[in-house]
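Owing to the predicted nature of the structure, the values given are computational and were not obtained by experimental measurement.
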Amino acid sequence: MRERLYAVRGATKVASNDVAAILDATEELMRELMTRNELSVGNIVSCLFTSTDDLNAEFPAVAARRLGLDQVPLLCNRELDVPGAMRGVIRVMVHYYGPEGHSPAHTYLGEAQQLRADLHSAQ
């Protein structure tokens with residue numbers, strides 16, 4: 001079976017700016033994204049995380065490391081601070097190998113579903 005490189009997006013809204021809330025929300029997002037896309041640690045190439053300016057108590061990548069992605073390159077960045085944009089959001093883009101013909105299942109949880117209401121597959 002042939003494989004190719006894919007990218008999938010996801011996001012979640014975090015209840016508060018504290019370590020536990022950031023790690024729990026990120027872990028929930030990553031578990032759901034991995035489940036929906038049938039991903040294992042072995043086929044993930046890299047993960048790019050962003051968070052809004054109001055979330056600075058912890059790096060979202062720490063949650064990914066807790067899930068076993070300790071050999072996967074992870075990078076955390078700040079989301080653009082756009083006036084009126086949703087606050088308390090962690091986003092992720094995961095690059096992975098999957099079978100040719102696979103359809104990435106973007107994963108937006110809770111209130112973050114409002115960010116991509118156009119992606120019915122993300123809900």
Side-chain angles (χ1 to χ4, degrees):
M1 179 180 354
R2 291 181 46 144
E3 287 193 331
R4 64 168 283 240
L5 183 64
Y6 291 92
V8 66
R9 299 255 336 253
T12 190
K13 187 155 179 7
V14 180
S16 61
N17 183 33
D18 65 74
V19 173
I22 291 170
L23 294 179
D24 290 349
T26 306
E27 187 171 329
E28 177 187 25
L29 173 61
M30 290 300 294
R31 283 186 189 282
E32 185 64 25
L33 188 145
M34 290 173 72
T35 297
R36 289 185 187 186
N37 289 282
E38 299 179 4
L39 299 180
S40 65
V41 172
N43 57 346
I44 296 177
V45 175
S46 64
C47 301
L48 304 173
F49 293 94
T50 66
S51 58
T52 51
D53 282 344
D54 56 321
L55 297 178
N56 62 5
E58 183 58 278
F59 296 103
V62 172
R65 299 243 183 265
R66 292 193 324 191
L67 294 175
L69 280 78
D70 55 321
Q71 298 299 308
V72 174
L74 307 173
L75 182 65
C76 296
N77 291 293
R78 282 281 175 220
E79 190 68 31
L80 289 175
D81 190 17
V82 175
M86 186 181 292
R87 311 299 297 156
V89 176
I90 293 174
R91 292 173 174 86
V92 66
M93 181 182 294
V94 177
H95 301 95
Y96 64 96
Y97 281 101
E100 199 167 271
H102 165 78
S103 294
H106 304 289
T107 305
Y108 289 75
L109 303 179
E111 290 179 60
Q113 289 179 358
Q114 298 170 30
L115 298 170
R116 291 305 305 262
D118 60 312
L119 287 177
H120 298 291
S121 64
Q123 310 308 316

If we only count heavy atoms from C-beta on, is the H95 to L48 side-chain gap below 4.5 Å?
yes
Any side-chain heavy-atom pair from P60 and V92 closer than 4.5 angstrom?
no
Chi angles and distances behind the side chain to side chain contact (heavy atoms under 4.5 Å, CB included) call for Q114, Y108:
CA-CA 8 Å; Q114 298 170 30; Y108 289 75; over 6 Å; no
Determine whether [X] and [Y] fall in the same hydrophobic cluster, where Ile, Leu, Val, Met, Phe, Trp and Tyr are linked whenever their side-chain heavy atoms lie under 4.5 Å apart.
{"X": "V41", "Y": "V94", "result": "yes"}
{"X": "L33", "Y": "L74", "result": "yes"}
{"X": "V62", "Y": "M34", "result": "no"}

Is the number of heavy atoms from other residues, nucleotides or ligands within 6.0 Å of CD (E38) greater than 12?
no
Can you measure from CD1 (I90) to NZ (K13) and round to the nearest 0.5 angstrom?
11.0 Å
Just how far is it from atom CZ of R36 to atom NE2 of H106, taken to the nearest 0.5 Å?
11.0 Å
Using salt bridge (charged side-chain N to carboxylate O under 4.0 Å, His left out) as the criterion, list what pairs up with D53, not counting sequence neighbours.
R78
What pairs of donor and acceptor atoms, side-chain ones from residues 19-30 against any protein atom, are under 3.5 angstrom apart with sequence neighbours left out?
residue	atom	partner	partner atom	Å
T26	OG1	I22	O	2.8
E27	OE1	R66	NE	3.3
E27	OE1	R66	NH2	2.7
E27	OE2	R31	NE	3.2
E27	OE2	R31	NH2	2.9

Give a yes or no on whether the backbone of [Y] and the side-chain of [X] come within a donor-acceptor separation of less than 3.5 Å.
{"X": "D54", "Y": "G88", "value": "yes"}
{"X": "T52", "Y": "V89", "value": "yes"}
{"X": "R65", "Y": "V72", "value": "yes"}
{"X": "N43", "Y": "L39", "value": "no"}
{"X": "T50", "Y": "N77", "value": "no"}

Where is the tightest heavy-atom contact between [X] and [Y], given as atom of each residue plus distance?
{"X": "C47", "Y": "L69", "answer": "SG-CD2, 3.9 Å"}
{"X": "S51", "Y": "L55", "answer": "OG-O, 3.5 Å"}
{"X": "E111", "Y": "M86", "answer": "O-CE, 3.4 Å"}
{"X": "A61", "Y": "F49", "answer": "CA-CE1, 3.9 Å"}

Could you walk me through whether R91 and L115 pass the side chain to side chain contact (heavy atoms under 4.5 Å, CB included) test, one step at a time?
CA-CA 10 Å; R91 292 173 174 86; L115 298 170; 3.6 Å; yes
My understanding is that only residues two or more places apart in sequence, or in another chain, count here; which of them pass ring-ring contact (aromatic ring centres under 6.0 Å, His included) with H102?
Y6, Y96
